[in-house]
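A short worksheet on the structure shown next.
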Amino acid sequence: MYRKRVPILRMIAMCELILGVWELMQGVLLAYAVLSDMDGLIQMAQEMGEVLTKTMMFSTVGISLAGGIVMTAAGLLGMFLGGKEGKEKPPILFSYGLFVYTILADAVSVFALGGQISLSMLFPFLLHGFYLWAAIRNKKDLEAAAM
């Protein structure tokens, strides 16, 4: 029985899609929490000894929503365009966008929001790097098949 080979880009794009939808849901829930009781969140943070401002909350919501949108779009592009001739560039471009988003999100988290640098910040780089590798491999496989 013959089984069609699934490009690795589609499998990695599925992971990006799932994580992107998860990030998008978290962003929507965070936006709801911030918009419904912003003053209560600020007061609760002050009681715990933390500094929390409206700008910090809105930037966190924006980062989460932007990341969810970019990751979901990259996952959908990889799923639908993986293995199709003439459609090799969009997944590669979105993988660069994923790297830019990750760098900006980490920079805002550390410098603007007062977070700490941690080892868990490497996971998105690994996942997005694997997506970039799969997108480039997909392009090379399609070019080799065309010859």
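In this structure, Phe99 and Phe125 have parallel ring planes: the angle between them is below the 30° cut-off, well short of the 60° mark.
Hydrophobic clustering keeps Phe130 apart from Leu122 (ILVMFWY residues linked when any side-chain heavy atoms are closer than 4.5 Å, directly or through intermediates). Hydrophobic clustering, with ILVMFWY side chains joined whenever heavy atoms are under 4.5 angstrom apart, groups Met56 together with Leu35. No continuous path of ILVMFWY side-chain contacts below 4.5 Å connects Phe80 to Leu142, so the two sit in separate hydrophobic clusters. Under a hydrophobic clustering in which Ile, Leu, Val, Met, Phe, Trp and Tyr are joined whenever their side-chain heavy atoms come within less than 4.5 Å, directly or via other members, Met11 and Leu127 fall into the same cluster. Connection of Met79 to Val70 is not established within any shared hydrophobic cluster, with ILVMFWY side chains joined at heavy-atom distances below 4.5 Å, either directly or through further cluster members.
Taking CG of Leu41 as the reference point, atom CD of Gln46 lies at 11.5 Å (rounded to 0.5 Å). Separation of atoms SG (Cys15) and NE2 (His128) is listed at 12.0 Å; rounding is to 0.5 Å. Taken to the nearest 0.5 Å, the CE atom of Met71 stands 12.5 Å off from the CD1 atom of Ile69. Here Glu88 contributes atom CD and Ile136 contributes atom CD1; the two are 12.5 Å apart, rounded to the nearest 0.5 Å. Note that the CG atom of Leu17 and the CG atom of Leu24 stand 10.5 Å from one another [nearest 0.5 Å]. One distance of note links CG of Leu76 with CZ of Phe94; it measures 9.5 Å at 0.5 Å rounding.
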Side chain to side chain contact (heavy atoms under 4.5 Å, CB included) assessment of Leu30 paired with Met25: CA-CA 8 Å; Leu30 185 61; Met25 286 188 323; over 6 Å; no

Go through it in stages, so that I can follow the logic: the residues are Trp133 and Leu9, the test is side chain to side chain contact (heavy atoms under 4.5 Å, CB included), and I'd like the CA-CA distance, side-chain angles, deciding distance and then a yes or no. CA-CA 9 Å; Trp133 171 78; Leu9 176 61; over 6 Å; no

Assess the residue pair Ile42 and Met57 against the criterion (side chain to side chain contact (heavy atoms under 4.5 Å, CB included)); give the C-alpha distance rounded to whole Å, side-chain angles, the decisive distance to 0.1 Å, and a yes or no. CA-CA 9 Å; Ile42 292 174; Met57 287 193 288; 3.5 Å; yes

Intermediate values then yes/no, side chain to side chain contact (heavy atoms under 4.5 Å, CB included), Leu19 and Phe123: CA-CA 12 Å; Leu19 292 175; Phe123 176 72; 4.3 Å; yes

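Considering every non-hydrogen atom in both Gly27 and Leu65, the closest pair reads C-CD2, 3.6 Å. Taking all atoms of both residues into account, the shortest heavy-atom contact from Thr102 to Pro124 is CG2-CB, 3.7 Å. Counting all heavy atoms, side chain and backbone alike, Ile117 lies closest to Val110 at CG1-CG2, 3.8 Å. Of all non-hydrogen atoms in Gly68 and Glu23, the two that sit nearest each other are N-CG, 3.5 Å. In terms of heavy-atom proximity, Val61 sits nearest to Ala31 at CG1-CB, 3.7 Å. Scanning all heavy atoms of the two residues, the minimum distance from Ser95 to Tyr131 falls at CB-CD2, 3.5 Å.
Atom CE of Met121 has more than 12 neighbouring heavy atoms from other residues, nucleotides or ligands inside a 6.0 Å radius. Open room surrounds CH2 on Trp22; 12 or fewer heavy atoms of other groups in view lie less than 6.0 Å from it.
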